[in-house]
> 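Below is the structure I would like to discuss, written out as structure tokens.
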Amino acid sequence: MSVDKIKAIYGTRDILPAEADIWRKIATTVAKVADEYNYSFISTPIFEATELFSRGIGETSEVVTKEMYTFKDQGDRSLTLRPEGTASVVRSYIEHSMGARQGLAKVWYAGPMFRQERPQAGRFRQFYQFGFEAIGSLDPSIDAEIIAANYHIMELLGIDDKKLYVNSIGMPGERKKHKEAFSDFVAPLIGKFCADCRKRFETNPLRMFDCKQDACMALLKDAPVIFDYLSDDNRKHFDTVCDFLDHIGISYELDKKLVRGLDYYTRTAWEIKSDKLGSQDAISGGGRYDLLVEQLGGKPTPGIGFAAGIERVILAMPGKESGQDRKDLGFFVVIGNSRYKKEAFGLLTKIRKLGFPADIDYLGRSLKAQMKQADKSGFYYSFIFAEEEMTRGKVILRNMVDSRQFEIGLADILKAGNTIQLGELIGYIQ
RNA sequence: GUGGAUGUAGCUCAGUCGGUUAGAGCGCUAGGUUGUGGCCCUGGAGGCCGUGGGUUCGAGUCCCAUCAUCCACCCCA
């Protein structure tokens, strides 16, 4: 009887054991940098009231209008799988009065996000992000700190072709003035733009800067940019951020045409890009959101943060195929005759209790097959329960890298009380 | 939502002008060479040829539909 196979949903994927090393490396690197910069881990639910995102990200943004996974629960409430992390963190910040408790809240998170987009290279419907948020300070040096953390992580992950672009997109008042000037500039030329740009002109004119058509870019070459409409204070804020970045040796490029997709961003904005990704070249992006806390019902509080797409980071990382024959310190227990299974199992457990990785065959395979398995397990040693040696109460300890082996008393190993004693027993074969 | 490409073993792919038992390499597995892995040799398992329909004496191969995947656009990490 044949039954239809159930497959993973369009745009979702399994992260298989073969990828485990790289995911673990990213997780430990992010956690390490978070420690160094003193950001604490926070985890929020992956679904929230729909209103959190519509109000936070912006009713008109593309993400909210057509990409959210929204559903009703049994109480007829509208819920949404989170499309990004910042809104949830800010909600949590307000709900738990983090501002009153500690003044400045510095947190980081990691987990799956959901957007109903058409999948392609570096884009999925369920994808993973990690992000940092600092809520409560308008000091330009916190901008520099969080950009530095973002950059530092990419550096540790070996992304050598990364490029950091920074800009300031000002506050709503400045944006309004700029938008008028921009519209005055574009209006007489509008017929010459591509269809998409003409549509953007109606909905979100600034996004015209993101157009990939050379013709449109040429037309916009001398168009007014927000950067030139910044107030003195915001201009000074941005200059100070740049000054601090210079001082700590982080290289960046000012991109006055950089705009961000989510509506809550204000003032400082940045992206990190890699050439390895093809069309979806942004691996990380962030900015200030100085009005978001207030918009979500908290006291007026400035905030800043970034998020990075883990799948995209992986695409940008070097040497994904390598690292096959690395041996971990660990033991594979080989059984030469099934009558020793019980003793072998006891030794296995002992090794594990001493803190070493160890494994054994569970498929009843031949000695030769077990040796093969021991080889592929990546462990440094194998213990072999061989006939002749066992009659003398000895097992063979074999170094799987240089093939040297010697006998060792089973009772001696079982007596070892800690890793040091075990280490001494096996020490001279290393 | 729009456009283009591709679906054959666990993976990467052959498969002639439509022709009868569907192939390779890798991987998996049993064994040989040494009571003991890697190199080498021999055997074995594993395929609704994405799915449904059509043309034909005959379809993995041609046509249509459908589903899925990939790439690009929109948008974003």
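Proteins get letters first, then strands, A, B, ... in listed order; numbering begins at 1 in each.
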> Would you name the heavy atoms of Arg125(A) and Glu117(A) that are closest together and state the gap between them?
NE-O, 2.7 Å
> Across all strands shown, which nucleotide pairs with A30(B) by Watson-Crick or G-U wobble geometry, both distances under 3.5 Å?
U42(B)
> Under 4.0 angstrom, heavy atoms only, what part of the nucleic acid is Ala386(A) near: base, sugar-phosphate, or nothing?
base
> Please report, rounded to the nearest Å, how far the C1' atom of G37(B) is from the CD1 atom of Ile360(A).
17 Å
> Given A30(B), A68(B), G37(B), identify the nucleotide with an atom nearest to the side chain of Tyr10(A).
A68(B)
> How far, in whole Å, is U16(B) from C57(B) if one measures between their P atoms?
22 Å
> C1' atom, G1(B) versus C76(B): distance in rounded Å?
16 Å
> Determine the Euclidean distance between corresponding C1' atoms of U6(B) and U42(B); express it in Å to zero decimal places.
38 Å
> In this structure, how many angstroms lie between the P atom of C76(B) and the CG atom of Leu258(A), rounded?
12 Å
> Lys376(A) side chain N/O closer than 4.0 Å to the phosphate oxygens (OP1, OP2) of C28(B)?
yes
> For the side chain of Leu262(A), counting heavy atoms from C-beta on, which of A77(B), G35(B), G38(B) is nearest?
A77(B)
> Report yes or no: is the ring centroid of Phe127(A) under 5.5 Å from the six-membered base ring centroid of A77(B), with the two planes under 30 degrees?
yes
> Please name the pair of heavy atoms, one in Tyr289(A) and one in Gly305(A), separated by the smallest distance, quoted to 0.1 Å.
CE2-N, 3.5 Å
> Name the nucleic acid region contacted by Lys368(A), choosing base, sugar-phosphate or nothing; use a 4.0 angstrom heavy-atom cut-off, strictly under.
base
> Taking atom C1' in both C26(B) and G18(B), compute the distance separating them and give it to the nearest angstrom.
31 Å
> Looking only at the side chain of Glu389(A) (C-beta and beyond, no hydrogens), which of the listed nucleotides A77(B), C75(B), G35(B) gets closest?
G35(B)
> Working to the nearest 0.5 Å, report the span between CG of Leu230(A) and CZ of Phe238(A).
8.5 Å
> Can you check the Asp375(A) CG to G38(B) P distance for me, whole Å?
7 Å
> Contact class for Gly122(A) vs. all strands (heavy atom < 4.0 Å): base, sugar-phosphate, or nothing?
base
> Minimum heavy-atom separation for Lys273(A) to Ala282(A), with atom names?
CG-CA, 4.1 Å
> Determine the interatomic distance between P on U69(B) and the same-named atom on G50(B); round to the nearest Å.
16 Å
> Please give, in whole Å, the distance from G38(B) C1' to Lys372(A) NZ?
9 Å
> Taking only the side-chain nitrogens and oxygens of Gln120(A), find out if one of them lies under 4.0 Å from OP1 or OP2 of A72(B).
yes
> Does Arg312(A) contact C76(B) through a side-chain donor or acceptor facing the base, at a distance under 3.5 Å?
yes
> If I take atom CD in residue Gln405(A) and atom P in nucleotide G35(B), what distance separates them, rounded to the nearest angstrom?
12 Å
> Please classify the nucleic acid contact of Arg260(A) as base, sugar-phosphate, or nothing, using heavy-atom distances under 4.0 Å.
sugar-phosphate
> Ignoring backbone atoms, test whether Ser403(A) places a side-chain nitrogen or oxygen under 4.0 Å from the OP1 or OP2 oxygen of U36(B).
no
> In whole angstrom, give the distance that lies between atom CD1 of Ile335(A) and atom C1' of U36(B).
15 Å
> Please give the distance between the C1' atoms of C49(B) and A14(B) as a whole number of Å.
13 Å
> Applying salt bridge (charged side-chain N to carboxylate O under 4.0 Å, His left out), run through Arg91(A) and Glu48(A) and close with a yes or a no.
CA-CA 10 Å; Arg91(A) 191 224 81 230; Glu48(A) 299 264 7; 2.5 Å; yes
> Just name whichever nucleotide pairs with U56(B), Watson-Crick or G-U, keeping both distances under 3.5 Å, else none.
none
> Expressed in angstrom and rounded to an integer, what is the separation of Ile9(A) atom CD1 from U69(B) atom C1'?
14 Å
> Heavy atoms under 4.0 Å, any strand shown: does Phe124(A) hit a base, just sugar-phosphate, or nothing?
base
> Does the structure show a Watson-Crick or G-U wobble partner for G23(B), both distances under 3.5 Å? Name it, or say none.
C13(B)
> Sort out the partner of G37(B) for me: Watson-Crick or G-U wobble, both distances under 3.5 Å, none otherwise.
none
> May I ask you to say what Ile396(A) touches in the nucleic acid, namely base, sugar-phosphate or nothing, with a heavy-atom cut-off under 4.0 Å?
base
> Quote, to the nearest angstrom, the P distance that separates C70(B) from U8(B).
14 Å
> So that I know where these two stand, are Phe130(A) and Trp108(A) an aromatic pair - ring centroids less than 6.0 Å apart?
no
> What's Arg200(A) touching, base or sugar-phosphate or nothing? Going by heavy atoms closer than 4.0 Å.
sugar-phosphate
> Under 6.0 Å between ring centres, would you say that holds for Phe331(A) and Phe379(A)?
no
> For Gln116(A), report the nucleic acid contact type (base, sugar-phosphate, nothing); a contact means any heavy atom under 4.0 Å.
nothing
> Going by purine N1 to pyrimidine N3 plus the second Watson-Crick contact, or the G-U wobble pair, all under 3.5 Å, which nucleotide sits opposite G7(B)?
C67(B)
> Can you tell me how far P of G37(B) sits from CZ of Arg404(A), to the nearest Å?
19 Å
> Considering only atom P, compute the distance from C63(B) to A45(B) and round it to an integer number of Å.
35 Å
> Which part of the nucleic acid, if any, lies within contact of Ser382(A), taking any heavy atom under 4.0 Å across all strands shown: a base, the sugar-phosphate backbone alone, or nothing?
nothing
> Return no unless some side-chain N or O of Arg13(A) is found under 4.0 Å from OP1 or OP2 of U69(B).
no
> Show your reasoning for whether salt bridge (charged side-chain N to carboxylate O under 4.0 Å, His left out) applies to Arg392(A) and Glu388(A).
CA-CA 7 Å; Arg392(A) 302 195 306 271; Glu388(A) 189 199 317; 3.4 Å; yes
> More 5' along RNA chain B: Ile272(A) or Lys66(A), using each one's nearest nucleotide?
Lys66(A)
> Under a 3.5 Å limit for both distances, which nucleotide forms a Watson-Crick or G-U wobble pair with A72(B), could you say?
U2(B)
> Rounded to the nearest 0.5 Å, how far does NZ of Lys106(A) lie from CD1 of Ile135(A)?
12.5 Å
